[in-house]
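For reference, positions follow the sequence shown, starting with 1. The model shown is predicted, which means the values in this text are computed figures rather than measured ones.
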Amino acid sequence: MEKLGRLSRFTSRTAHRPLIRQGVLKILAVKMNALKKHPFRVQCIFLLTAVLAITANLAVGNEPPASPEVTAAMQPYLDSYKLAGVIGIIADKNGKIHYRNILGYADVEGKKPMSEDNVFWIASMTKMFAGASIMMLVDEGKVSLDDPVTRFIPQLEKWMVVEERDQSHVLLKALVRPVTVRHLLSHTSGLTGSSELQQVTGADSTPLKARALSSVTGPLQWQPGEKYAYGNQGMNIAARIVEIVSGMPYEEFLQKRFFDPLGMTETTFWPSEAQIARLAGAYGPNKEKNGYARGGIGFLTKPYSDRVHRFPEAAGGLFSTTHDILRYGLLLANDGELDGKRYLSHAAIDELRKEQTGTTKVNYSLGYHLRNGMFGHDGAYGTDLSVNPATGMVAVFMIQCTSGDQWAARDLFLKTATQVFRK
């Protein structure tokens, strides 16, 4: 079998270019705004001239180059069938894309090359929006990070903590301190990874309200703030607090406060059938290590477009695209502001860039990983957004990998991206 991984780059001039299209529209919007006082005829002439000029520039190949260093770093993963396809974007905080690498396949069986038009399950990258949503409410004076969770969900005052446990008994004791919003977002609450209800019904088959209330049935595993254990339950309770405080469903809050104004038109908990048709396949090597084996998204319930029986999974349920993730990365890189609109205060962004795990000293914030001077988050199949506040680098890594090699590939991409960005 010919190694599909040896497709080192796909840069068809006719391929969809969402990132370029977004830049074109932004330029035209700014220019047209400046011409509002001019006659309509003048505006039309300018618009036609601008479109022709921009189209001509694109036609002659005035596009961000691929980084040879990134290609060289990723190629062994494709050659060994550990990754089927990769998109790597290295940009600065002004939105200029310095390097764009598109490697391999989104659909191995159909021999469809990876494209910026592909949709990805971004899994735990979803946690970033839980943290940002809470910080938006903190900015508005409606929530404090050190508020007890019971201020918003009184029923959770019944939480208890495991003191002793063996095969014959479990001894519970009272909390010595309340679980706070900060504990929820920093994985230091003592909650298990998922609620007992989710373990029975599935991650996305019950509303956030039911998931939050059901957390009392599974006791806390340690006193709040004393240990760190990564999981999803805290994020879902935080999202429920967003619903209670804002008075709107969590998905509506995200849509109105982030996705719509940022132009993240493809980010959703419920991808349409058209989006699912563009969903990049998840792959790893087959048993013989001489080809690919296709996997799935067992964490979520099919059909993904079902808005009746599926509910937001605030810790890992979103689907998105390269363009949309870059847009959010630019918001983070610009200290909470983008295109003249402020979403989060400097103080809020500062909290998201800061270690929040107390005495455990784990490099984690409020729904954000902290890694080598960068902050952002990754997802189970290897998607990653990393922003360097010092240099302004925004790195987007989009893959769907089931082999377990996604973290090594991601780390190598970020190391390489940092090196080439310095140039």
Side-chain angles (χ1 to χ4, degrees), residues 18-19 22-23 26 87-99 120 122-140 145 185-186 235 238-239 242 253-267 314-316 318 320-356 363-379 383-398 410 413-414 417-418 421:
L19 295 172
Q22 182 71 30
K26 180 180 175 182
I87 297 179
I89 302 293
I90 305 170
D92 61 35
K93 68 178 184 179
N94 296 317
K96 178 183 178 181
I97 300 173
H98 293 241
Y99 300 100
F120 297 79
I122 63 170
S124 284
M125 292 177 76
T126 308
K127 292 177 171 70
M128 293 188 294
F129 297 99
S133 296
I134 287 291
M135 291 314 302
M136 189 172 277
L137 296 175
V138 170
D139 277 343
E140 295 172 3
L145 289 175
L185 293 172
S186 63
M235 297 295 165
V242 172
F253 185 92
L254 294 186
Q255 199 70 46
K256 289 184 175 180
R257 299 294 191 91
F258 292 102
F259 302 159
D260 284 345
L262 283 169
M264 297 174 65
T265 58
E266 301 233 51
T267 304
L318 283 175
S320 192
T321 60
T322 307
H323 165 267
D324 284 13
I325 295 303
L326 177 59
R327 288 289 293 169
Y328 189 68
L330 293 175
L331 165 69
L332 298 179
N334 285 280
D335 204 40
E337 185 176 358
L338 191 60
D339 298 338
K341 177 180 172 63
R342 179 156 288 283
Y343 295 80
L344 295 165
S345 69
H346 167 74
I349 291 290
D350 197 45
E351 290 289 348
L352 298 179
R353 295 187 295 226
K354 187 188 305 178
E355 180 193 288
Q356 299 282 354
N363 287 328
Y364 198 88
S365 181
L366 306 170
Y368 291 76
H369 280 149
L370 308 176
R371 184 186 299 113
N372 299 323
M374 295 176 278
F375 76 117
H377 215 291
D378 51 26
T383 54
D384 185 88
L385 170 64
S386 291
V387 175
N388 190 319
T391 66
M393 183 184 76
V394 180
V396 179
F397 189 60
M398 302 298 272
R410 186 273 316 279
F413 167 74
L414 289 177
T418 299
F421 186 76

Quiz prompt | Spacing of Arg410 atom CZ and Thr383 atom OG1 [to the nearest 0.5 Å] | solution = 9.5 Å
Quiz item: In Å, rounded to the nearest 0.5 Å, how long is the span from CG of Leu370 to CD of Gln356?
Solution: 8.5 Å
Quiz item: Closest approach of Leu352 and Phe375, non-hydrogen atoms and distance?
Solution: O-CD1, 3.8 Å
Quiz prompt | From CA spacing to verdict: side chain to side chain contact (heavy atoms under 4.5 Å, CB included), Thr267, Leu262 | solution = CA-CA 11 Å; Thr267 304; Leu262 283 169; over 6 Å; no
Exercise. Any chance you could measure Thr321, atom OG1, to Leu326, atom CG, to the nearest 0.5 Å?
Key: 9.5 Å
Exercise. Enter the distance from Asp384:CG to Met125:CE here, rounded to the nearest 0.5 Å.
Key: 6.0 Å
Quiz item: Taking Tyr364 as the fixed residue, which of Lys127, Arg371, His377 is the one that meets the side-chain hydrogen bond (donor to acceptor under 3.5 Å, both in side chains) rule?
Solution: His377
Quiz item: How about Val387 and Lys93: do any of their side-chain heavy atoms sit closer than 4.5 Å?
Solution: no
Quiz item: How close do Met128 and Gly376 get, heavy atom to heavy atom, and via which atoms?
Solution: SD-C, 3.9 Å
Quiz item: Would you call Met136 and Leu344 a side-chain contact if the rule is heavy atoms closer than 4.5 Å?
Solution: yes
Practice problem: Side-chain contact test, heavy atoms from C-beta onward, threshold under 4.5 Å: evaluate it for His98 versus Met393 and give yes or no. | Solution: no
Quiz item: Is there side-chain contact between Ile325 and Ile89, with at least one heavy-atom pair below 4.5 Å?
Solution: no
Exercise. May I ask you to decide if Gly263's main-chain N or O and Asp260's side chain share a donor-acceptor pair within less than 3.5 Å?
Key: no
Exercise. Please test Asn363 against Glu355 for side chain to side chain contact (heavy atoms under 4.5 Å, CB included), starting from the C-alpha separation and ending with a verdict.
Key: CA-CA 6 Å; Asn363 287 328; Glu355 180 193 288; 3.7 Å; yes
Practice problem: Identify, with sequence neighbours excluded, every residue that meets side chain to side chain donor-acceptor pair (under 3.5 Å) alongside Asp139. | Solution: Ser345
Practice problem: Indicate the atoms forming the closest heavy-atom contact of Ser320 with Ile122, along with that distance. | Solution: CB-CG2, 3.9 Å
Quiz item: Rounded to the nearest 0.5 Å, what separation is found between the OH atom of Tyr328 and the CE atom of Met264?
Solution: 8.0 Å
Self-check item: Under 3.5 Å donor-acceptor, Ser365 side chain and Lys354 backbone
Solution: yes
Quiz item: Going by the angle between their ring planes, with limits at 30° and 60°, are Phe413 and Phe397 parallel, tilted or perpendicular?
Solution: parallel
Self-check item: Minimum-distance pair of heavy atoms, taken over all atoms of Asp339 and Arg327
Solution: OD2-NH2, 2.8 Å
Self-check item: Stepwise side chain to side chain contact (heavy atoms under 4.5 Å, CB included) check, Asp335 with Arg353
Solution: CA-CA 10 Å; Asp335 204 40; Arg353 295 187 295 226; 3.4 Å; yes
Practice problem: Take atom CG of Asn372 as the centre, draw a 6.0 Å sphere, and report whether it contains more than 12 heavy atoms from other residues, nucleotides or ligands. | Solution: no
Self-check item: CA sep, side-chain torsions, deciding dist, call: Phe421, Asp92, side chain to side chain contact (heavy atoms under 4.5 Å, CB included)
Solution: CA-CA 9 Å; Phe421 186 76; Asp92 61 35; 3.9 Å; yes
Self-check item: Heavy-atom pair of closest approach, residues Ala333 and Val394
Solution: CB-CG2, 3.6 Å
Quiz prompt | Over all atoms of both residues, closest heavy-atom pair of Thr126 and Leu318 | solution = OG1-N, 3.1 Å
Self-check item: side chain to side chain donor-acceptor pair (under 3.5 Å) partners for Asp350, two or more places apart
Solution: none
Quiz prompt | Rounded distance (nearest 0.5 Å) linking atom CG of Leu366 with atom CG of Leu185 | solution = 5.5 Å
Exercise. May I ask you to decide if Lys96's main-chain N or O and Asn94's side chain share a donor-acceptor pair within less than 3.5 Å?
Key: no
